[in-house]
Amino acid sequence: MTNIPIEGGQAIIRCLENEGVEYIFGYSGGSVIPIFDAMVTTETKIKFVLVRHEQGATHMADGYARATGKPAVVLVTSGPGATNTLTGIMTAHMDSVPMIVLTGQSVSWMLGKDAFQEADIFGITMPVVKHSYLVKKTNDLPRIIREAFHISTTGRPGPVLIDIPKDISAGPCTADLHAEMDIPGYKLDTSVDNDTILEIAEALAKSKRPLILAGHGALISRADGSLKAFAEKARIPVTNTLLGKGVFPETHELSLGMLGMHGTAYANKAICECDLLLNIGSRFDDRILGKPDEFCTDATIIHIDIDASEIGRMIQPQITCVADAKTAIDELVKHVPELETTDWRKHLDGYKTKYPLKFKRQGGLKMQHVIDEFYKLSEGKACVATDVGQHQMWAAQFYKTDSGYNWLSSGGAGTMGFGLPACIGAAFGRPDDLHICFIGDGGFQMTFFELATAALHKLPIKIVVLNNHYLGMVRQWQELFYEDRTSGVDLEGNPDFVKLAESFGIKGFNLRRPGDVKRVLQNALDYNDGPCLINCEVEKTDNVFPMIPAGAPIGDMLIELPTKKLEKPTGST
Amino acid sequence: MPKSDKAMHTLSVYVANKPGALARIAQVFARRGFNIESLVVSPAIDGHFSRMTITSSGAPEGLEQIIKQMVKLVDVLHCIDHTYDKSVMKEMGLIKIAVDSEGRSEALQIAEHYGCKTVDLTSESMILQVVGSPAKIDALEEMIAKFRIIELVRTGKVVMSRGQKTT
Ligand SMILES: Cc1ncc(C[n+]2csc(CCOP(=O)(O)OP(=O)(O)O)c2C)c(N)n1
Ligand SMILES: [Mg+2]
């Protein structure tokens with residue numbers, strides 16, 4: 001107990017400092033004035049970033065966390081300020097990203113009385129948070145903040161929300177700022193069952209055609225180094241999920257790149273033909289399963305995941321291992337010999353030659369061309385953020401990712417509007433690195449107001465607007481499965497994105513001809529006075545391939561535009 | 001009304017007594033299309049924790065997921081499926097029946113057979129209190145239905161493991 005009480009708001013700031021918080025992304029309002037005031041009165045070193053919309057704050061915190069591995073804090077006011085964070089919280093939750101969201105709330109004694117700007121954000125967000133709190137006593141703040149960070153960043157990470165009534169943040173706090181946690185229901189089991197490891201090793205030793213599927217969980221557990229050592233030692237090919245990009249170098253000879261709906265043909269063929277699938281930290285999302293009943297039916301499936309509820313949720317594996325990915329791999333590597341996989345790898349290399357990722361350089365400007373060229377010019381070293389749509393899938397295909405924390409994309413939620421703020425958040429976290437944001441003309445217009453934030457802080461980001469004047473991914477589905485009856489996808493009325501950027505004081509480039517790609521992108525790379533935007537006028541009606549129609553077995557993968565009419569997909573969206 | 005058939009699952013949950021815990025648990029069921037048929041919450045010996053007994057109907061395949069999702073909740077310490085074990089399961093019911101002097105002795109006979117207490121008696125009605133296994137209450141309900149049942153309230157079952165096993 002300290003004797004001189006400090007204000008709740010000051011206690012919050014001190015506790016955030018103790019957690020090592022570097023940035024708060026937020027937006028002010030009546031119910032959080034005590035906390036904003038405390039940022040001044042405590043003379044804190046934590047930097048506050050005023051965003052332009054609360055959704056932007058959550059995606060920035062998300063991008064910051066994905067790019068650094070550290071949690072950031074979101075601070076918003078009650079009512080509409082709080083509800084504006086919902087999409088960002090859900091996005092982080094779906095992709096297991098740590099985040100602490102502090103929402104102001106009406107005063108305690110008005111709760112439930114429809115006070116001005118009262119929203120039951122504790123109730124509203126319950127299904128999309130890892131955990132949440134409604135603070136009832138100022139002296140509980142230090143304990144709750146400690147618990148929130150612990151819960152958010154350990155095990156399978158996720159967002160934690162703390163709803164703080166105004167009288168709580170304005171009231172006196174006498175509690176010890178280094179409070180003890182009280183979460184007896186939250187158990188972290190860091191052990192690995194040795195028998196299970198031996199069982200996995202034995203299955204691997206018997207396998208002729210083994211395949212590793214590496215997901216975001218492996219990246220979160222920082223298992224990239226261990227995975228590389230393991231795959232190289234045992235000589236097992238590796239495919240990665242969309243969010244697993246970077247967990248294993250995509251340019252490595254053992255890498256098959258991304259699998260799934262728009263994954264490489266060779267990764268998907270490997271899934272169909274392997275006799276053992278070792279899934280490390282992927283949740284068998286429906287985008288990679290195709291048709292669950294027909295997924296890998298002839299293979300021994302092994303699933304390593306830290307979240308027991310993920311095991312058996314979509315696929316029933318033969319061997320299950322609830323464990324941290326890195327710990328499990330580090331054990332496994334001790335027991336796995338070099339496997340005889342030469343024929344299998346040769347066979348897969350055949351697929352790589354036969355079905356490479358490719359695009360035509362003739363005709364109009366292609367998104368793939370822009371992405372591929374930027375990949376080459378930046379030597380694959382950028383931290384890449386994407387939005388959601390066709391450009392996202394092409395970015396995943398053509399911007400190979402060789403190391404962790406350099407690929408930020410909304411996978412589980414598929415949230416349009418994520419890309420720009422996520423890229424901004426990443427640039428705050430890693431100001432000395434190159435940041436590229438590949439974004440569609442649709443998604444860009446959902447959160448482009450954060451250009452102001454990027455401009456103000458002169459962030460080193462290259463915003464590549466891949467402008468096809470369409471909600472391209474939806475248009476593609478309509479073309480393929482609905483006899484090209486386009487409906488609600490024509491983005492007529494797009495603004496002039498270069499002028500828009502310039503109005504924020506951001507340098508803009510136009511790119512229209514394939515012949516100009518290299519020159520314009522090089523100019524953008526050389527520009528080093530803050531953010532710049534490249535508006536790429538690309539072909540309007542190109543389609544992403546390979547493609548596995550949603551809900552179809554992986555074997556039904558389309559390598560290119562089919563000539564015959566396709567059935568409507570049975571899978572979800 | 002819950003009938004104690006095999007498709008019904010009985011779970012006990014040991015949970016930290018924190019605001020929102022019940023709502024979070026209810027959401028786990030609701031999201032997967034499971035119905036909560038009965039729910040009993042009471043403080044544990046240590047007042048920081050609560051005991052819940054939940055009976056729920058739904059596809060057995062989904063139940064394992066439900067248990068895992070519940071255990072994953074920060075507030076939940078453990079969750080045990082008692083559907084197929086031999087735990088003690090008891091419930092209380094109050095049944096108000098329309099009965100006048102003419103039927104009263106027959107009603108009391110049935111009540112006695114089921115070990116009921118008569119906790120309210122008027123010239124037109126009586127309330128019977130019954131304690132026992134859900135099946136027993138179901139049976140009483142069936143027998144007593146020859147009188148008009150005006151109201152019926154059941155607590156939902158509570159469960160406790162036998163011997164050294166924890167609930
Ligand atoms: C917030 C939100 N609304 C709607 C969708 C559905 N959706 C998925 S992709 C897409 C089209 C995206 O268009 P654009 O941003 O221009 O990218 P493109 O596909 O053209 O590259 C839409 C509407 C979504 N994912 N997120
Ligand atoms: Mg578009």
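The structure displayed is predicted, hence computed values, not measured ones. First the proteins, then the strands, lettered A, B, ... as listed; each starts at 1.
- Of all residues spanning residues 146-159 of chain A, those with a heavy atom less than 4.5 Å away from chain B's heavy atoms are A:Ile151, A:Arg156, arranged by number.
- Contacts between residues 68-80 of chain B and chain A, defined by a heavy-atom separation under 4.5 Å, are made by B:Lys68, B:Gln69, B:Lys72, B:Leu73, B:Val74, B:Asp75, B:Val76, B:Leu77.
- Heavy atoms of B:Tyr14 lying under 4.5 Å from chain A are absent altogether.
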request  = Please step through salt bridge (Lys or Arg N to Asp or Glu O under 4.0 Å) for the pair B:Arg154 and B:Asp138, ending with a clear verdict.
outcome  = CA-CA 10 Å; B:Arg154 293 169 67 151; B:Asp138 289 348; 2.7 Å; yes
task = Start with the C-alpha distance between A:Phe295 and A:Phe284, add both sets of side-chain angles, then the distance that settles ring pair (Phe, Tyr, Trp, His ring centres under 6.0 Å), and finish with yes or no.
result = CA-CA 10 Å; A:Phe295 180 79; A:Phe284 280 131; 5.6 Å; yes
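- In this structure, the portions of A:Asp182 lying under 4.5 Å from any heavy atom of chain B include both its backbone and its side chain.
- In this structure, chain B has a heavy atom under 4.5 Å from the side chain of A:Lys136, while its backbone stays farther away.
- In terms of the salt bridge (Lys or Arg N to Asp or Glu O under 4.0 Å) criterion, residue partners of A:Asp285 (sequence neighbours excluded) are, by chain and number, A:Arg283.
- Proximity of B:Ile54 to B:Phe29: side-chain heavy atoms (C-beta onward) are separated by under 4.5 Å at one or more points.
- Among all heavy-atom pairs drawn from B:Thr122 and B:Arg104, the shortest one is O-NH2, 3.4 Å.
- No side-chain heavy atom of B:Met92 sits less than 4.5 Å from a side-chain heavy atom of B:Val130.
- Contact check for A:Asn279 versus A:Pro317: no side-chain heavy atoms found under the 4.5 Å cut-off.
- Between A:Ile164 and A:Gln105 there is no side-chain heavy-atom pair separated by less than 4.5 Å.
- At a heavy-atom cut-off of under 4.5 Å, chain A is reached by B:Lys18, B:Pro19, B:Gly20, B:Ala23, B:Arg24, B:Gln27 from residues 17-28 of chain B, listed in order of number.
- Residues A:Ser78 and A:Ile121 fail the side-chain proximity criterion, which asks for heavy atoms closer than 4.5 Å.
- Annotation: side chain of B:Met52 is in contact with side chain of B:Val15 (closest heavy-atom distance under 4.5 Å).
- Using a 4.5 Å heavy-atom cutoff, the side chains of B:Arg51 and B:Val41 are not in contact.
- Counting only N and O atoms by type, the side chains of A:Thr58 and A:Thr85 include no donor and acceptor under 3.5 Å apart.
- Summarising the geometry of A:Ile306 relative to A:Val322, their closest heavy-atom pair is O-CG1, 3.8 Å, with the distance given to 0.1 Å.
- B:Lys157 has its side chain within reach of B:Thr10: a pair of non-hydrogen atoms, C-beta onward, lies under 4.5 Å apart.
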